[in-house]
Amino acid sequence: MRKTVLIWECNETFGTEFLELFVHDANIYVDSTVIRIDGNRPYKVNDSLVLGQDWTVKQLDLEIQNLKKSLHLLSDGKGRWFNEKGEEIYPLRGAADLDLSCTPFTNSLPINRLPWQRNDARDLEMVFLSVPDLAWKKVKQRYQLLEEAAGRRKFHYKSGNFETNIEVDADGFVLRYPGIFTRVFSSGVITAESFFHGRKPSIRSRSPRSAPRNRARRSGTRRISRFPILIV
């Protein structure tokens, strides 16, 4: 089982994120811990994502234990979203991707899900989830590929009245989100292009040490919550 480790620093306030990404069979599993202080309120976010090989969201489990908040979302990957009871959340219908306010990782979802050529621009519908209040809504966002050189890409990103340029590596993972996030560590980075061409993902180690083995997951299946993945 292959593993990627990514760490980001939050530039808006005190905060950091430690994220691990695993590829197994037809799914991508993402486990992340975010520590933030907003004003005088500290909180720790534990979230787990299950993605398809095409980077579509299947499942989200998120918990903020010290604030006693949690959320469970399911998606069929075709624009329909469901709560923990399997009930469709109709206001979210049509949204293809998920945008969590506490992490730059979810910017990778449309970037890796779609093919891009220079100057390509796409208007997308997203499920935006505000953290730590866990309020969700469907929003429109725009991505445009501006530059691609030396293993890096720059996208212009617009959501409502907010816009900026986001720099990502060749695998679609954020390097710099100006004034908000900066990546400070990466190891065992997955070649994203391998998903689009149906090949097994490869790992390019960016650390002198190989990624540690994941001893906690020896079986052929993996559960990240008490809820099963909904198949619609």
Side-chain angles (χ1 to χ4, degrees), residues 1-6 8 17 19-32 47-62 73-82 92-117 120-129 136 138-145 148 151-157 159 166-175 177 181 183 186 188-204 222 224-225 229-232:
M1 187 176 293
R2 299 168 171 87
K3 179 168 74 171
T4 296
V5 175
L6 301 166
W8 287 280
E17 176 179 11
L19 181 144
E20 293 179 296
L21 183 150
F22 306 87
V23 178
H24 183 69
D25 292 337
N27 290 324
I28 303 168
Y29 299 92
V30 181
D31 293 320
S32 168
D47 66 87
S48 296
L49 277 168
V50 180
L51 311 173
Q53 264 193 342
D54 58 357
W55 293 82
T56 55
V57 176
K58 293 185 175 182
Q59 179 172 318
L60 167 70
D61 287 285
L62 186 148
L73 284 178
L74 299 166
S75 174
D76 66 354
K78 299 176 182 179
R80 294 198 298 165
W81 298 80
F82 306 86
L92 301 182
R93 180 174 281 193
D97 298 299
L98 179 67
D99 183 8
L100 299 181
S101 67
C102 64
T103 175
F105 174 76
T106 48
N107 293 102
S108 299
L109 301 182
I111 288 174
N112 283 344
R113 182 174 62 82
L114 299 167
W116 296 92
Q117 298 292 331
D120 279 354
R122 290 187 170 88
D123 294 307
L124 307 167
E125 289 187 317
M126 305 277 184
V127 175
F128 177 77
L129 180 62
W136 48 256
K138 186 170 72 171
V139 301
K140 292 183 178 180
Q141 297 182 354
R142 183 178 178 87
Y143 283 77
Q144 182 178 12
L145 178 59
E148 184 171 13
R152 297 189 177 198
R153 290 179 285 174
K154 183 180 289 186
F155 285 84
H156 183 73
Y157 166 78
S159 181
I166 300 173
E167 186 178 354
V168 303
D169 62 19
D171 301 292
F173 300 130
V174 171
L175 293 165
Y177 194 133
F181 299 108
R183 198 169 84 195
S186 64
V189 174
I190 290 174
T191 302
E193 288 81 357
S194 63
F195 293 107
F196 301 125
H197 297 291
R199 298 190 300 268
K200 292 184 178 180
S202 61
I203 293 290
R204 295 202 309 272
R222 179 176 181 270
I224 62 173
S225 78
I229 296 176
L230 180 67
I231 300 175
V232 180

Strictly distance-based, threshold 3.5 Å: is any side-chain N or O of [X] a donor or acceptor partner for the main-chain N or O of [Y]?
| X | Y | value |
| --- | --- | --- |
| W116 | L114 | yes |
| D76 | K78 | yes |
| D25 | N27 | no |
| T106 | L100 | yes |

>> Evaluate D31 against F22 for side chain to side chain contact (heavy atoms under 4.5 Å, CB included), listing each step before the verdict.
In response: CA-CA 9 Å; D31 293 320; F22 306 87; 4.0 Å; yes
> Which residues pass the side chain to side chain contact (heavy atoms under 4.5 Å, CB included) test with E167, sequence neighbours left out?
Replying inline: R152, L175, R176
> Should D97 and V127 be marked as a side chain to side chain contact (heavy atoms under 4.5 Å, CB included) after you check the CA-CA gap, both sets of side-chain angles, and the distance that decides it?
Replying inline: CA-CA 6 Å; D97 298 299; V127 175; over 6 Å; no
Looking at [atom1] of [X] and [atom2] of [Y], how far apart are the two atoms once the value is rounded to the nearest 0.5 Å?
| X | Y | atom1 | atom2 | answer |
| --- | --- | --- | --- | --- |
| L49 | W55 | CG | CH2 | 10.5 Å |
| W81 | R93 | CH2 | CZ | 13.5 Å |
| M126 | L92 | CE | CG | 13.5 Å |
| L60 | L129 | CG | CG | 7.0 Å |
| L73 | L98 | CG | CG | 7.0 Å |
| S48 | D61 | OG | CG | 6.0 Å |

> Out of L51, T56, V57, which one pairs with R113 under the side-chain contact (heavy atoms from CB on, under 4.5 Å) rule?
Replying inline: T56
> What do the steps show when you test Q144 against F155 for side chain to side chain contact (heavy atoms under 4.5 Å, CB included), and what is the final call?
Replying inline: CA-CA 5 Å; Q144 182 178 12; F155 285 84; 6.0 Å; no
>> Apply side chain to side chain contact (heavy atoms under 4.5 Å, CB included) to residues L21 and I28 and explain how you reach the verdict.
In response: CA-CA 7 Å; L21 183 150; I28 303 168; 3.7 Å; yes
> Mind checking what makes side chain to side chain donor-acceptor pair (under 3.5 Å) contact with T103, not counting sequence neighbours?
Replying inline: E17
Would you say that [X] contacts [Y] through its side chain, given a criterion of any heavy-atom pair below 4.5 Å between the two side chains?
| X | Y | result |
| --- | --- | --- |
| S101 | F128 | yes |
| V30 | L19 | yes |
| K140 | D123 | no |

>> List the residues meeting ring pair (Phe, Tyr, Trp, His ring centres under 6.0 Å) with F181, not counting sequence neighbours, and say none if there are none.
In response: Y177
What closest approach, in Å, do [X] and [Y] show between heavy atoms, and which atom pair accounts for it?
| X | Y | result |
| --- | --- | --- |
| S108 | G172 | OG-O, 2.7 Å |
| R142 | A121 | NH2-CB, 3.2 Å |
| L6 | S186 | CD2-CB, 3.6 Å |

>> Taking D169 first and then R153, would you say they form a salt bridge - that is, a charged N and a carboxylate O separated by under 4.0 Å?
In response: no
>> Under the criterion side-chain hydrogen bond (donor to acceptor under 3.5 Å, both in side chains), I'd like the reasoning laid out for Y143 against N107: C-alpha separation, chi angles, the key distance, then a yes or no.
In response: CA-CA 10 Å; Y143 283 77; N107 293 102; 2.9 Å; yes
